[in-house]
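Keep in mind it's a predicted model, so treat the numbers as computed, not measured.
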Amino acid sequence: MVSKLFDVEHQLVFYGAYHSHKVNVAIHMVFVPTILWTSFVMGRNLPIPETFPKIHYVLNQYMTLDFNWPFVVAVLYNLYYMILDPVAGLLYVPKMALSLLTATSFAYRQDGVKNAAILHAVSWIMQFIGHGVAEKRAPALLDNLLGALVLAPFFVHLEILFKLGYFPDLQKRVNNGIGVEIAKFRRAEAEKKRKAA
């Protein structure tokens with residue numbers, strides 16, 4: 001099971017099986033990065049251990065680097081992404097860095113955390129609307145919370161890369177696997193309805 005944790009195809013098929021409707025995918029393309037960014041904003045004020053180095057560097061009024069929990073999360077996420085797919089993971093580093101640096105700077109604003117919390121809530125509501133209305137399936141986080149939360153930004157990133165022609169063989173295998181998983185889900189749902197009737 002641990003080996004599946006580091007199998008990019010397996011992880012993308014799992015996540016993709018919950019995100020196959022174009023409207024839901026579009027909603028996720030906008031709101032998954034927003035959820036990550038707002039999480040970084042809200043996480044900036046979490047207490048940090050004394051063992052963390054005291055790093056605070058203001059690059060400009062829009063970007064600040066602090067060594068805090070969002071920094072640790074960003075590094076761990078990106079390390080995981082690089083294990084899943086080294087090239088795509090490396091290509092994600094600038095996006096992650098920009099998200100982290102701007103979120104940290106935004107968190108220093110007087111109303112930054114409050115505004116981020118509102119945007120965070122709206123983003124989650126949009127995610128659930130995408131699943132309920134478009135996908136007509138519960139979100140992946142109900143089956144695998146950690147996998148869904150950690151994998152979502154990378155899935156969105158790979159969706160963009162696939163549209164740009166990245167690794168077409170992987171995209172084909174993932175799409176085929178998603179089709180198989182969706183067919184299994186639909187058969188199971190039909191069986192539940194048949195038994196309930």
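- Partners of K193 according to the salt bridge (charged side-chain N to carboxylate O under 4.0 Å, His left out) rule, which considers only residues two or more places apart in sequence or in another chain, do not exist here.
- With sequence neighbours excluded, no residue forms a salt bridge (charged side-chain N to carboxylate O under 4.0 Å, His left out) with R186.
- Partners of Y15 by ring pair (Phe, Tyr, Trp, His ring centres under 6.0 Å), not counting sequence neighbours, listed by chain and number: H19, F155.
- With hydrogens and angles ignored, the 3.5 Å screen pairs no side-chain donor or acceptor of E181 with any backbone N or O of A17.
- A donor-acceptor pair is defined here as one N or O able to donate and one able to accept, closer than 3.5 Å; such a pair exists between the side chain of Q11 and the backbone of K4.
- Of the possible polar contacts, one joining the T102 side chain to the S99 backbone as a donor-acceptor pair under 3.5 Å is found.
- Checked against side-chain hydrogen bond (donor to acceptor under 3.5 Å, both in side chains), Y81 has no partners two or more places apart in sequence or in another chain.
- Take E191 and apply the side-chain contact (heavy atoms from CB on, under 4.5 Å) test, not counting sequence neighbours, and it matches R194, K195.
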Tell me which donor-acceptor pairs under 3.5 Å the side chains of residues 156-165 have, and how far apart each pair is, sequence neighbours excluded?
unit_1	atom_1	unit_2	atom_2	d
H157	ND1	K95	NZ	3.1
H157	NE2	A88	O	3.0

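- Side-chain contact between L12 and R173 is absent, with no heavy-atom pair separated by less than 4.5 Å.
- More than 12 non-hydrogen atoms from other residues, nucleotides or ligands lie less than 6.0 angstrom from CZ of F185.
- Residues forming a salt bridge (charged side-chain N to carboxylate O under 4.0 Å, His left out) with R187 (at least two apart in sequence, or on another chain): none.
- Under the rule for a side-chain hydrogen bond (donor to acceptor under 3.5 Å, both in side chains), K114 has no partner lying at least two apart in sequence or in another chain.
- Proximity of the aromatic rings of W124 and F31 is defined here by a centroid distance below 6.0 angstrom, and this criterion is not met.
- Residues H131 and H28 bring their aromatic ring centres within 6.0 Å.
- Residues meeting the ring pair (Phe, Tyr, Trp, His ring centres under 6.0 Å) test with H56, sequence neighbours left out: Y108.
- Partners of V133 by side-chain contact (heavy atoms from CB on, under 4.5 Å), not counting sequence neighbours, listed by chain and number: I129.
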Decide yes or no on side-chain contact (heavy atoms from CB on, under 4.5 Å) for F106 and W37, but give the supporting numbers first.
CA-CA 10 Å; F106 191 83; W37 185 83; 3.5 Å; yes
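- Contacts of F67 classified as ring pair (Phe, Tyr, Trp, His ring centres under 6.0 Å), with partners at least two apart in sequence or in another chain: F52, F71.
- Remark: the backbone N or O of V30 is paired with a side-chain donor or acceptor of T34 at under 3.5 angstrom.
- For K54, the side-chain hydrogen bond (donor to acceptor under 3.5 Å, both in side chains) test picks out no residue, with sequence neighbours left out.
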